[in-house]
Amino acid sequence: MQVKTIGLDLAKDVFQVHGVSVTGDKVFNKKIKRAKLLEFFEGLPPCVVGMEACGSAHHWGRELSKLGHDVRLMPATYVKPYVKRGKTDAVDAEAICEAVGRPTMRFVEIKTEDQQALLTAHRTRELIVRQRTQVSNMIRGMLREFGYVLPTGVEAVVRFSKSHLEGDQPKIPELANGVLGTLCYQLLGLSARIEGFSKLIESHARRDANARRLMQVPGIGPITASAIVATVGDAKQFKTGRDLAAWLGLTPLNKSSGGKERLGRITKKGDHYLRKLLIVGMTSRALMAKLHPEKVDIWTARMLAGKPVRLATVAMANKTARVIWAMLTRQENYRQPIT
């Protein structure tokens with residue numbers, strides 16, 4: 001029997017492959033070492049290869065596509081219902097093989113190496129931002145124990161760190177001042193790295209036509225535009241702008257039943273990083289609307305006036321996601337809404 005569909009369960013060293021024929025009969029289900037994987041697929045005729053969209057999936061997707069196979073990545077949560085019983089590599093590979101053949105299955109577009117390279121800069125910057133927040137909170141907490149309270153915002157902690165290293169130290173025990181100096185030095189180093197990664201991402205964004213186009217949208221800067229282009233890739237994979245908004249987790253959770261429509265909070269599915277960037281950008285846009293109401297379009301003004309701020313910013317992020325889809329699919333510049 002000639003294999004037609006393969007389910008590939010990815011791993012670090014030992015992979016599990018499950019192949020079926022056109023009629024759905026099992027052809028093989030076996031383990032293959034990492035070094036022998038490409039050699040194994042080279043000996044097979046072109047077929048559909050299903051994989052979960054997890055670590056190294058995009059790499060193997062590119063490699064197997066070069067061999068002529070039709071590689072399809074699927075979210076792991078969509079594959080889980082096809083696992084019959086237990087949790088073994090053989091069962092997982094069989095479930096992947098079953099899921100990839102479903103007509104209603106949704107797939108993940110394979111990212112290019114350039115997309116993944118740019119996303120490494122975003123992920124590293126995000127990691128350093130979290131580390132800086134942790135160190136900043138540690139400095140605040142330590143000073144508070146001795147009666148010193150810093151103003152809100154990371155800028156205040158950075159200013160304190162600079163003055164502390166220059167010799168302007170609070171009147172606390174010498175041991176605590178020594179520990180505090182180490183934390184201040186670490187905070188300034190993290191801030192310098194964040195600035196470096198920010199400039200790197202901005203330079204890449206200004207060289208990309210789609211990123212420059214997205215930066216025309218109010219509330220979207222170089223970092224958000226770069227992250228959207230690198231993560232989304234070809235926006236035509238989404239049929240409508242609402243599909244992109246739903247992919248970002250910005251649409252209401254639907255729990256309708258019995259002819260009654262029940263909409264809850266946003267689903268918060270999809271890419272957390274992109275969703276956060278969009279909502280933060282819309283929050284900044286809402287603050288600017290209070291300072292300069294004459295520059296705000298009518299829809300945004302009504303939304304901010306009639307809804308709580310957080311609800312309004314999420315709605316603005318949803319609408320912005322639809323605008324982004326239209327701009328990327330039609331290759332058009334941003335047009336300021338009239339109403």
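Worth knowing before you read on, the calculation uses all heavy atoms, side chains too, and leaves out hydrogens, waters and symmetry mates.
- Here the closest non-hydrogen pair linking P222 and E202 is CB-CG, 3.5 Å.
- The OG1 atom of T133 lies 9.5 Å from the CG atom of L187; values are rounded to the nearest 0.5 Å.
- Ring orientation note: the planes of W247 and F238 are tilted relative to one another, at an angle of 30° to 60°.
- For T251 and R242, the side-chain atoms include no donor-acceptor pair closer than 3.5 Å.
- Between the T124 side chain and the A121 main chain, no donor and acceptor come within less than 3.5 Å of each other.
- E39 CD to E42 CD: the interatomic distance, rounded to the nearest 0.5 Å, is 7.0 Å.
- Between F40 and F28, the ring center distance clears the sub-6.0 Å criterion.
- Counted within 6.0 Å of CD on E174, heavy atoms from surrounding residues, nucleotides or ligands total 12 or fewer; the atom is thus considered open.
- Although no hydrogens or angles enter the test, the distance criterion places a donor-acceptor pair under 3.5 Å between the side chain of N318 and the main chain of L250.
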Side chain to side chain contact (heavy atoms under 4.5 Å, CB included) between F15 and K30, intermediate numbers included: CA-CA 8 Å; F15 298 77; K30 58 182 179 179; over 6 Å; no

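- A donor-acceptor pair is defined here as one N or O able to donate and one able to accept, closer than 3.5 Å; no such pair exists between the side chain of E52 and the backbone of I96.
- A side-chain donor-acceptor contact under 3.5 Å links R212 to the backbone of R206.
- Heavy atoms from other residues, nucleotides or ligands lying under 6.0 Å from CZ of R193 number 12 at most.
- Checking Q237 against R106 by side-chain atom types alone, no donor-acceptor pair falls below 3.5 Å.
- Using a distance-only test at 3.5 Å, with no hydrogens or angles considered, a donor-acceptor pair links the side chain of R140 to the main chain of L150.
- One finds a salt bridge joining K276 and E126 here, because a Lys/Arg side-chain nitrogen approaches an Asp/Glu carboxylate oxygen to under 4.0 Å.
- Within the 4.5 Å cutoff, the side chain of L37 has heavy atoms near those of the W60 side chain.
- Here the rule is side chain to side chain contact (heavy atoms under 4.5 Å, CB included) with R132, and of N137, V157, L188, V154 only V154 fits it.
- Side-chain atoms of K111 and Q116 form no donor-acceptor pair, as typed in the model, at a separation below 3.5 Å.
- In terms of heavy-atom proximity, L277 sits nearest to A227 at CD1-CB, 3.8 Å.
- In this structure, a donor-acceptor pair under 3.5 Å is absent between the side chains of D92 and H18.
- L291 CG: more than 12 foreign heavy atoms inside a 6.0 Å radius.
- Note on I139: it clusters hydrophobically with F146, by side-chain heavy-atom contacts below 4.5 Å among ILVMFWY residues.
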Steps toward side chain to side chain contact (heavy atoms under 4.5 Å, CB included) verdict (I110, R62): CA-CA 7 Å; I110 299 176; R62 291 191 297 266; 3.8 Å; yes

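- By the rule that hydrophobic residues join a cluster once side-chain heavy atoms approach within less than 4.5 Å of another member, V108 and V71 end up as members of one cluster.
- Put simply, the side chain of Y148 gets close to the backbone of K171: a donor and an acceptor are under 3.5 Å apart.
- By the 4.5 Å heavy-atom criterion applied to side chains, Q169 and L180 are not counted as neighbours.
- Side-chain atoms of R213 and N210 include a donor-acceptor pair closer than 3.5 Å.
- Evaluated for a side-chain hydrogen bond (donor to acceptor under 3.5 Å, both in side chains) with S226, the options H122, R207, H204 yield exactly one hit, H122.
- A donor-acceptor pair is defined here as one N or O able to donate and one able to accept, closer than 3.5 Å; such a pair exists between the side chain of T313 and the backbone of R310.
- Inter-residue side-chain proximity for Q186 and Q131 is flagged as unmet; no heavy-atom pair is nearer than 4.5 Å.
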Step-by-step salt bridge (Lys or Arg N to Asp or Glu O under 4.0 Å) determination, K84 to E94: CA-CA 9 Å; K84 293 181 176 63; E94 182 181 359; 3.4 Å; yes

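- Between the side chain of Q216 and the backbone N or O of Y334, at least one donor-acceptor pair lies under 3.5 Å.
- The number of heavy-atom neighbours closer than 6.0 Å to CE of M138, taken from other residues, nucleotides and ligands shown, is 12 or below.
- Nearest heavy-atom pair, R275 versus I266, reported as atom, atom and distance to 0.1 Å: CD-CD1, 4.5 Å.
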Salt bridge (Lys or Arg N to Asp or Glu O under 4.0 Å) assessment of K66 paired with E63: CA-CA 5 Å; K66 294 177 183 177; E63 294 298 320; 3.6 Å; yes

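- Pairing each heavy atom of A53 with each of L73, the nearest pair is CB-CB, 4.3 Å.
- E195 and K199 are joined by a salt bridge, as a carboxylate oxygen and a charged side-chain nitrogen come within less than 4.0 angstrom of each other.
- Partner of I324 under the side chain to side chain contact (heavy atoms under 4.5 Å, CB included) criterion, chosen from V229, T224, L278: L278.
- The closest side-chain heavy-atom distance from R262 to S257 is below 4.5 Å.
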Test salt bridge (Lys or Arg N to Asp or Glu O under 4.0 Å) applied to K319 and D297, step by step: CA-CA 13 Å; K319 186 173 183 178; D297 59 274; 5.1 Å; no

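- A continuous path of hydrophobic side-chain contacts links F160 to V158 [ILVMFWY only; heavy atoms under 4.5 Å].
- Taking every heavy atom of both residues into account, P170 and N177 meet most closely at O-ND2, 3.1 Å.
- T88 contributes a side-chain N or O that, together with a main-chain N or O of V91, makes up a donor-acceptor pair within less than 3.5 Å.
- Contact record, F197 with R125: CB-CB, 3.9 Å, taken as the closest heavy-atom pair.
- A side-chain donor-acceptor contact under 3.5 Å links S256 and N254.
- No more than 12 heavy atoms of other residues, nucleotides or ligands lie within 6.0 Å of CD in E113, so this atom counts as exposed by the packing criterion.
- Hydrophobic clustering of Ile, Leu, Val, Met, Phe, Trp and Tyr side chains at less than 4.5 Å, counting indirect connections, keeps M215 apart from I228.
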